[in-house]
Number of protein chains: 2
Amino acid sequence: MALDRDHVLRAAAALLTRKSTATMDEVAKAAGISRATLHRQFAGRDALVRALEALGIAECETALAAARLDEDPAEGAVRRLVREVEPAAGLLAFLYTENQLFEGEEQHAGWARIDDRITALFRRGQQNGEFRIDLTPAWLTEALFGLLASGAWMVQSGKGAPKDFTRMIAELLLGGALRREES
Amino acid sequence: MALDRDHVLRAAAALLTRKSTATMDEVAKAAGISRATLHRQFAGRDALVRALEALGIAECETALAAARLDEDPAEGAVRRLVREVEPAAGLLAFLYTENQLFEGEEQHAGWARIDDRITALFRRGQQNGEFRIDLTPAWLTEALFGLLASGAWMVQSGKGAPKDFTRMIAELLLGGALRREES
DNA sequence: CTGCGATGAGACGTCAGTGTCTCATGTGGG
DNA sequence: CCCACATGAGACACTGACGTCTCATCGCAG
């Protein structure tokens, strides 16, 4: 049952990643169950999205843990983070846009925690001189999510290869477009 | 009448930028007209979105022209582009996500033209040695749009100041997070 | 003043998606 | 074998949004 639930969640994530407006009916079909059963597991569409949000947060935190953000140098930590979070990028992109619809309600506290940890990473990189200090850690964090979404969307639409995903994002985020002088 | 239409379009853009699921009724109210009149000007929600798409494309092309993409150096052209496109960023962010719903239908040809011109700019920068060549022009273009959307969303939600918008995006896109050695 | 055109208000009908319910089926454990 | 429980299929009512229509009103030009 818990296994069922997880399976359904994965299927829903995979589908909604591709088509964010998918119907409960479509979600059920994608998960290989009936709409009735889907409703038995998730009270409604809202509950389903919330559950997906929880899943996304959990995957993010797993990635954060695996990326060992505290180890020097910060640059390596960012690269590991991008690599680890890649499998969840599609889901995150979905949740990223979905979040903008949560008008009144405040967002899940989990996001704040994740945001804080990533922001802290960038701040640490600035303090030890690795990162430039004229871009705020908050912006760098936001940009990371934005680039993840762009990358996921690009792969999704076939305009980019999945194998380049990690490198493209990490390289752009860290190094930018300008060519470096050889040192 | 044509003036009316433009006014309605602007109001719709402003609203949908904030709340992408806004009702026709809400759009009408935001534009200060009745739903009936709104329907008289735009056959339906679909037609409205298409018109907004056309507006977005037009604003993009105006920005492209104003940015003088052909002038050296490419770096300056990118900075000008970001600056010029800023006023349209919110609308672009809306259309950017909306586009992902146009499942079957091919997208408006205007986007391809815009994409091509920006891609060409990055390619030129690579060829004259300004930009690194290990990031594809297509990815740089996609990343530019992604960062614009992130920036717009950040300003929108009050997490960033509008005045930093241009600099944040251009600096990150061009220079990345890593600190440069002083030359 | 008069008549035309545009508008606002609102009343429909329609439709898609949702959420609830019932009932038949079947499957596995006791 | 038999029962309990989960499931699938489908009917049903409800809702929100859409698109169309009518009609009264208002402003303005002739």
Side-chain angles (χ1 to χ4, degrees), chain A residues 1-56 91 93-95 97-105 108, chain B residues 1-56 91 93-95 97-105 108:
Chain A
M1 161 109 160
L3 226 153
D4 268 10
R5 188 186 147 97
D6 191 71
H7 162 245
V8 171
L9 224 37
R10 301 283 168 182
L15 175 60
L16 289 172
T17 287
R18 274 176 287 125
K19 184 182 176 184
S20 61
T21 59
T23 295
M24 290 295 271
D25 207 89
E26 294 173 298
V27 171
K29 231 178 281 289
I33 62 177
S34 73
R35 199 163 66 92
T37 304
L38 178 58
H39 264 87
R40 283 182 194 113
Q41 291 182 330
F42 302 95
R45 188 195 182 75
D46 206 59
L48 176 61
V49 173
R50 297 310 173 119
L52 282 174
E53 186 176 35
L55 176 64
L91 176 56
F94 164 68
L95 294 172
T97 63
E98 200 74 5
N99 255 331
Q100 307 182 17
L101 304 182
F102 291 171
E103 296 253 323
E105 320 141 54
H108 194 299
Chain B
M1 161 109 160
L3 226 153
D4 269 8
R5 188 186 146 97
D6 192 69
H7 162 246
V8 171
L9 226 36
R10 301 283 168 183
L15 175 60
L16 289 172
T17 287
R18 274 176 287 127
K19 184 182 175 186
S20 60
T21 59
T23 295
M24 289 296 271
D25 206 88
E26 294 173 299
V27 171
K29 231 177 283 289
I33 62 177
S34 73
R35 198 161 66 94
T37 304
L38 178 58
H39 265 87
R40 282 179 195 114
Q41 290 181 332
F42 301 96
R45 189 195 181 75
D46 206 60
L48 177 60
V49 173
R50 298 310 174 118
L52 282 173
E53 186 177 34
L55 177 63
L91 177 57
F94 164 68
L95 295 172
T97 63
E98 199 76 3
N99 256 331
Q100 306 182 18
L101 304 182
F102 290 172
E103 297 253 322
E105 321 141 51
H108 194 297

Table of protein N/O atoms under 3.5 Å from nucleotides 24-29 of chain C N/O atoms:
none

> Can you name the residues that form a side chain to side chain donor-acceptor pair (under 3.5 Å) with B:Glu98, not counting sequence neighbours?
Replying inline: none
Which residues share a side-chain contact (heavy atoms from CB on, under 4.5 Å) with [X], sequence neighbours left out:
| X | value |
| --- | --- |
| B:Ala36 | B:Ser34, B:Arg40 |
| B:Ala11 | B:Ala31 |
| B:Ala30 | B:Leu15 |

>> Expressed as a whole number of angstroms, how long is the span from B:Leu38:CG to D:dT20:C1'?
In response: 14 Å
> Is the shortest side-chain N/O distance from B:Thr37 to OP1 or OP2 of C:dG8 below 4.0 Å?
Replying inline: yes
>> Holding to salt bridge (Lys or Arg N to Asp or Glu O under 4.0 Å), I want the full list of residues that pass it with A:Arg45, two or more places apart in sequence or in another chain.
In response: none
>> Give me the atom names and distance for the closest heavy-atom approach of A:Leu95 to A:Gly56.
In response: CD1-CA, 4.0 Å
> Would you call B:Asn99 and B:His108 a side-chain contact if the rule is heavy atoms closer than 4.5 Å?
Replying inline: no
> Are the side chains of B:Leu48 and B:Leu9 in touch, meaning some heavy atoms are under 4.5 Å apart?
Replying inline: yes
>> At under 4.0 Å between heavy atoms, how does the protein contact nucleotides 9-20 of chain C? Give one character per nucleotide, 5' to 3', with B, S or -.
In response: B-B-----SBBB
